[in-house]
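Scroll down for the structure; my scribbles are underneath it.
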Protein chains: 4
Amino acid sequence: MARVTEEHIEARRRSILEAAARVFGECGIASATMADIADAAGISAGAIYRYFPSKQDLAHACFKEGAAQIADLWGQRAAESPDPMAAFYAVAAQSFEDLGTPEAAAHTRIMLENFLEVTRSGDQPLRDAANSEHRHIIRGLASMLYAVQSSGRLPEAVNANHLAEALYAFWLGARIVRMLDPEFDTDAQLAAVSSLMIAAAPSA
Amino acid sequence: MARVTEEHIEARRRSILEAAARVFGECGIASATMADIADAAGISAGAIYRYFPSKQDLAHACFKEGAAQIADLWGQRAAESPDPMAAFYAVAAQSFEDLGTPEAAAHTRIMLENFLEVTRSGDQPLRDAANSEHRHIIRGLASMLYAVQSSGRLPEAVNANHLAEALYAFWLGARIVRMLDPEFDTDAQLAAVSSLMIAAAPSA
Amino acid sequence: MARVTEEHIEARRRSILEAAARVFGECGIASATMADIADAAGISAGAIYRYFPSKQDLAHACFKEGAAQIADLWGQRAAESPDPMAAFYAVAAQSFEDLGTPEAAAHTRIMLENFLEVTRSGDQPLRDAANSEHRHIIRGLASMLYAVQSSGRLPEAVNANHLAEALYAFWLGARIVRMLDPEFDTDAQLAAVSSLMIAAAPSA
Amino acid sequence: MARVTEEHIEARRRSILEAAARVFGECGIASATMADIADAAGISAGAIYRYFPSKQDLAHACFKEGAAQIADLWGQRAAESPDPMAAFYAVAAQSFEDLGTPEAAAHTRIMLENFLEVTRSGDQPLRDAANSEHRHIIRGLASMLYAVQSSGRLPEAVNANHLAEALYAFWLGARIVRMLDPEFDTDAQLAAVSSLMIAAAPSA
DNA sequence: GATGAATGAGATTTCATTCAT
DNA sequence: CATGAATGAAATCTCATTCAT
């Protein structure tokens, strides 16, 4: 089985990563065993170590993968949409809805586990990586809000940057509660926030 | 005599619970060992089993304990304050600030671990317990907002219930990001939200 | 089984150490498994870790134990014997004979494995420990030879110190070859060395 | 064509053997991995199995190789030198000095590992092979001593055969201690032994 | 009632070896 | 023939839990 193409190797790496995300999401990083992941990926446990040096590295790779996907989601939608405010609603609504899929739910859980590990271990590079992820999204959100403010639909008295942070926090918190409580109506919450912003818009 | 014994038992139970919260918060539930907890509580590992049937039960008891404390915080402050809106700011600001203390940080982490376990295990009673906790807080928040709305400082177009949920989500998400990123300025975010609500207030 | 006496613990430690020496001697440190040692000691593998933090530490403890026994042997005999030269023959002959016992053979093998590890790892403290052992014996040997030289039975032209080192090297090498080759006649060699020294004695 | 292939095969075999000796000497047989050896030999791990059926066989081949080199050393020098006693000093001094080179140090270590395995496994052919090696050297040494004795420089009372064995043991032991302890002055020891033999020489 | 030594069931990780390419 | 990805069988070490003292 030697002399395999580069793509084959990359594909194997990805399939391990996907299996790991699935299993980690289901069982938690600590409880999941390498054997579980190997089974899910259809290979032997030992084979994983050709692609990832340790369970911890595999978990980190899963986290980065998930973070990249989330960042993509925000970046893509923001670029697509002509109305910046609508983009926020679209992305938020989309990601809330995605929570129903096992992948997105798993990613949310892995992200939280990563958060827990980072705040506990005090590993600064890891912390920086985690921070840069949310800062990236907040920056995007803030630039949306600046555009809204420029168009006169957000009062000057509101600090766009800080509101972007608050919206990010809302989005993160809502995802969490929503996973726990399916009756937690994220769409209605989005609508409430929206109506608040409309009400706050300087009357033309 | 029996009375004294019972008190003694309860005191022992509490000291174990406190030690467990401390250790679970620091190390994570999976990594913490019963020996760690026993050391922190100043007893032997075997003795814990007289008070809690298993590590898992001990962890559940910690969750409940933490949830009760958070609920107390909200209930107490809300009752104290004459101005409902101010109460929200006070509690939120207080809890953001508390994140600097090891106890509050540990509680936040334990709550998240609880969340993770609940969404994974599908254990309905546990899920209900977790849900009832945030619903309790949201109810309090909603009644504050109704009061604000009644006083004419919040537009009728905004659904107070859903806004309460959104504020709760914001509060939860902000606590999380703040633990990761000390530069995440929760006070400024509260101010931004506040200024938005003021701007949205029906002009007298 | 708690609240065991200090002696019981020490006894358990010793029984593990003895079992380990037996098994390490038989199989080699690398090949021996903790399960083998646990079986030999009549306990579970996990229990060993209460007494020794790792397999490596256990191996080192075995080595030190063996070294201490050897040093005792030299020290004791040297003190007992009025004739220093006879003491050397006695100790050497004794230790050559001992090679027939499993314990002594095991110790010789463990010592060699320790030597191999030390020269490979470059761990200086370990190296120092190993060196101090043979230096101790050589010092004893040298003081014997000085006494012999003082009594005029060894020419002044011979450096007693260096001859002591040579005798130590001979003793070590002979033990090794003897284990390999039962026909290697260590007594005859001792006699040959002895006759050489007698021949070298300044004629009265 | 067939001839070329055969030479090629032999060359490959030798390069693997050399790489294995290097790696085994550095890491020890148990710790060395087939991958390490393959890297050192510049081939793939799987290819080794075309030349040697198993790791153990490879190790045995290394032993034999090392033994042959040592025997060569003694045979060559002994033949070269007109004065047999000088030959012993030359070979011994040379091999002590060589211990500074990685190759010679590796050979000494491999020899010891071989010794350990042989005395443990009870594999008689292996034991015989190891024995025949030192007997070969001892025979050479003994014939030197006979020559010395014939020339009247060694008393008849000394058994040349047994003294040869003792010198061999000294040489082996000194090599070992010297590797551990660089301050172990093998030249001075040789000189001490030499002075003892001179003193023992029947006064003309 | 408390203790802590012991158990025993894994979990991660490593490699010799094989064999499809 | 060589390659090196994959296997699968350990081996070390960790802990929740039990129970003799």
Side-chain angles (χ1 to χ4, degrees), chain A residues 1-5 8-9 12-13 16 30-38 41-58, chain B residues 5 8-9 12 30-39 41-59, chain C residues 1-5 8-9 12-13 16 30-38 41-58, chain D residues 5 8-9 12 30-39 41-59:
Chain A
M1 253 185 232
R3 221 167 267 163
V4 185
T5 60
H8 180 98
I9 288 185
R12 181 54 63 99
R13 220 190 113 91
I16 293 173
S31 300
T33 73
M34 293 303 266
D36 291 340
I37 296 168
I43 56 171
S44 72
I48 298 178
Y49 288 84
R50 281 206 155 268
Y51 299 88
F52 299 93
S54 73
K55 187 187 181 184
Q56 186 152 172
D57 283 274
L58 180 54
Chain B
T5 299
H8 179 249
I9 286 179
R12 190 49 76 94
S31 299
T33 72
M34 293 301 266
D36 291 340
I37 296 168
D39 280 356
I43 58 169
S44 73
I48 297 178
Y49 287 82
R50 293 228 154 250
Y51 300 91
F52 299 92
S54 74
K55 188 186 180 185
Q56 181 143 189
D57 284 276
L58 181 54
Chain C
M1 255 183 230
R3 222 168 266 164
V4 185
T5 60
H8 180 99
I9 288 185
R12 181 53 64 99
R13 218 189 114 91
I16 293 172
S31 301
T33 73
M34 293 302 267
D36 291 340
I37 296 168
I43 56 170
S44 72
I48 298 178
Y49 289 85
R50 280 205 157 269
Y51 299 88
F52 300 93
S54 74
K55 187 187 179 183
Q56 186 153 172
D57 283 274
L58 180 54
Chain D
T5 299
H8 179 251
I9 285 180
R12 187 54 72 94
S31 298
T33 73
M34 293 301 265
D36 290 341
I37 296 167
D39 280 356
I43 58 170
S44 72
I48 297 179
Y49 287 82
R50 294 225 154 252
Y51 300 90
F52 299 91
S54 74
K55 187 186 180 184
Q56 180 143 187
D57 284 276
L58 181 53

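Naming: A, B, ... by sequence-line order, numbering from 1 per chain.
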Rounding to a whole Å, what distance do you find between [X]:[atom1] and [N]:[atom2]?
X: C/I16; N: E/dA5; atom1: CD1; atom2: C1'; value: 11 Å
X: C/K55; N: F/dT14; atom1: NZ; atom2: P; value: 15 Å
X: D/I37; N: E/dT17; atom1: CD1; atom2: P; value: 11 Å
X: C/R13; N: E/dA5; atom1: CZ; atom2: C1'; value: 16 Å
X: C/H8; N: E/dA5; atom1: NE2; atom2: P; value: 9 Å
X: D/Y51; N: F/dC1; atom1: OH; atom2: P; value: 7 Å
X: D/M34; N: E/dT18; atom1: CE; atom2: P; value: 10 Å
X: D/F52; N: E/dA16; atom1: CZ; atom2: P; value: 15 Å

Exercise. So what does A/A32 hit on the nucleic acid, given a heavy-atom distance under 4.0 Å: a base, only sugar-phosphate, or nothing?
Worked result: sugar-phosphate

Exercise. Within less than 4.0 Å of OP1 or OP2 of E/dA6, is there a side-chain N or O belonging to C/R12?
Worked result: yes

For this session: Determine: side-chain N/O of B/Y49 to OP1/OP2 of E/dA2, distance under 4.0 Å, yes or no.
Result: no

Exercise. Counting only N and O atoms by type, is there a donor-acceptor contact under 3.5 Å from the side chain of D/D39 to the main-chain atoms of D/D36?
Worked result: no

Problem set entry | 5' priority, DNA chain E, between A/S31 and C/G42 [closest heavy atom] | C/G42

Exercise. On DNA chain E, nearest-nucleotide positions of A/G46 versus D/S54: which is more 5'?
Worked result: A/G46

Closest nucleotide among [options] to the [X] side chain:
X: C/I9; options: E/dA5, E/dT7, F/dA6; value: E/dA5
X: A/S44; options: F/dA2, E/dG8, F/dA6; value: F/dA6
X: A/T33; options: E/dT12, E/dA16, E/dT13; value: E/dT12

For this session: Tell me which of C/A35 and A/R50 sits closer to the 5' end of DNA chain F, going by the nucleotide each one is nearest to.
Result: A/R50

For this session: Would you kindly compare A/I48 and D/I43 by the position of their nearest DNA chain F nucleotide and give the one closer to the 5′ end?
Result: D/I43

For this session: Enter the inter-axis angle for the ends of the helix from E/dA2-F/dT21 to E/dT21-F/dA2 (five pairs per end, rounded to 10°).
Result: 0°

Exercise. Taking atom CD1 of C/I16 and atom CG of C/L58, what is their separation to the nearest 0.5 Å?
Worked result: 7.5 Å

For this session: Mind checking the NZ-CD1 spacing from C/K55 to C/I48? Nearest 0.5 Å is all I need.
Result: 10.5 Å

Exercise. Tell me, do B/Y51 and B/I9 make a side-chain contact under 4.5 Å, heavy atoms counted?
Worked result: yes

Problem set entry | Nearest heavy atoms of C/S44 and C/A38, plus distance in Å | C-CB, 3.6 Å

